[in-house]
**Q** 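Here it is, the structure, as structure tokens.
For the single chain, residues carry numbers from 1 onward in sequence order. Not measured: the values here are computed from a predicted model.
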Amino acid sequence: MSDDTVIQADRESLVEVWKVLENVTVSLDRLGTYRRIHGEAAAQDAILEYFDPSLFQQITQARGLLVTILEKHDPGMLDQLEQLSTNEAAIGYWDGRK
């Protein structure tokens, strides 16, 4: 798929995906501030509490919505995404190193 490809998607699905991304982005920023104020141990406890099963479910649902949108445009997209997911450098997965 070229960078200038336009993909049609329903607004509601895109807003749902955006809300999850916004939640994680703002919350991680706030956790950084929380860490500076309350210390490393408190921040570790807070982040473990924040990343609960409900948040993981929201992230999984948002990911599924994006896959559905992309597959409507390109039925082979799931295979491409799965291949991309094996490229750790391209994705930037957390690996425990700073």
**Q** Do Leu14 and Val20 belong together in a cluster built from hydrophobic side chains that touch within less than 4.5 Å?
**A**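 They do not share one cluster, since no chain of ILVMFWY contacts under 4.5 Å joins Leu14 to Val20.
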
**Q** May I ask you to test the Phe51-Leu28 pair for a side-chain heavy-atom distance under 4.5 Å?
**A**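 Counting from C-beta outward, Phe51 and Leu28 do come under 4.5 Å.
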
**Q** Measure the CG-CG distance between Leu70 and Asp74 for me, rounded to the nearest 0.5 Å.
**A**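 It comes to 8.5 Å.
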
**Q** Are Val67 and Leu21 linked, directly or through other ILVMFWY residues, by side chains that come within less than 4.5 angstrom of each other?
**A**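 Different clusters.
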
**Q** State whether a side-chain donor-acceptor pair under 3.5 Å links Tyr34 with Asp29.
**A**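 No.
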
**Q** So, does Ser85 use its side chain to make a donor-acceptor pair with the main chain of Glu82 at under 3.5 Å?
**A**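 Between the backbone of Glu82 and the side chain of Ser85 there is a qualifying donor-acceptor contact (under 3.5 Å).
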
**Q** Working to the nearest 0.5 angstrom, can you tell me the gap between Ile37 CD1 and Arg30 CZ?
**A**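 Nearest 0.5 Å value for the CD1-CZ distance: 12.0 Å.
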
**Q** When you measure from the side chain of Thr86 to the backbone N and O of Gln83, does any donor-acceptor pair fall under 3.5 Å?
**A**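 Pair found, side chain donor or acceptor close to backbone of Gln83.
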
**Q** Shortest non-hydrogen contact from Ile69 to Gln8?
**A**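 Closest approach of Ile69 to Gln8: CG2-O, 4.2 Å.
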
**Q** Quick one: NZ on Lys72 to OG on Ser13, what's the gap to the nearest 0.5 Å?
**A**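 Here the rounded value is 6.5 Å.
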
**Q** Is it possible for you to say whether Met77 and Ile7 belong to one hydrophobic cluster, with membership spreading through side-chain heavy-atom contacts below 4.5 Å?
**A**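 Same cluster: Met77 reaches Ile7 through Ile, Leu, Val, Met, Phe, Trp or Tyr contacts under 4.5 Å.
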
**Q** Just checking, any donor-acceptor pair under 3.5 angstrom between side chains of Arg36 and Thr33?
**A**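 The answer is yes; a qualifying pair exists.
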
**Q** Taking a hydrophobic cluster as the set of Ile, Leu, Val, Met, Phe, Trp and Tyr residues connected by side-chain heavy atoms closer than 4.5 Å, whether directly or through intermediates, do Leu81 and Val17 fall within one such cluster?
**A**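 In one cluster with Leu81: Val17, no.
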
**Q** Nearest 0.5 angstrom please: Gln58 CD to Arg63 CZ, how far?
**A**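 Reported to 0.5 Å precision, the distance equals 16.0 Å.
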
**Q** Run the salt bridge (Lys or Arg N to Asp or Glu O under 4.0 Å) check on Lys19 and Glu16 step by step: do they pass?
**A** CA-CA 5 Å; Lys19 285 170 35 181; Glu16 288 304 311; 3.2 Å; yes

**Q** Where is the tightest heavy-atom contact between Tyr50 and Val24, given as atom of each residue plus distance?
**A**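 Minimum heavy-atom separation between Tyr50 and Val24: OH-CA, 3.4 Å.
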
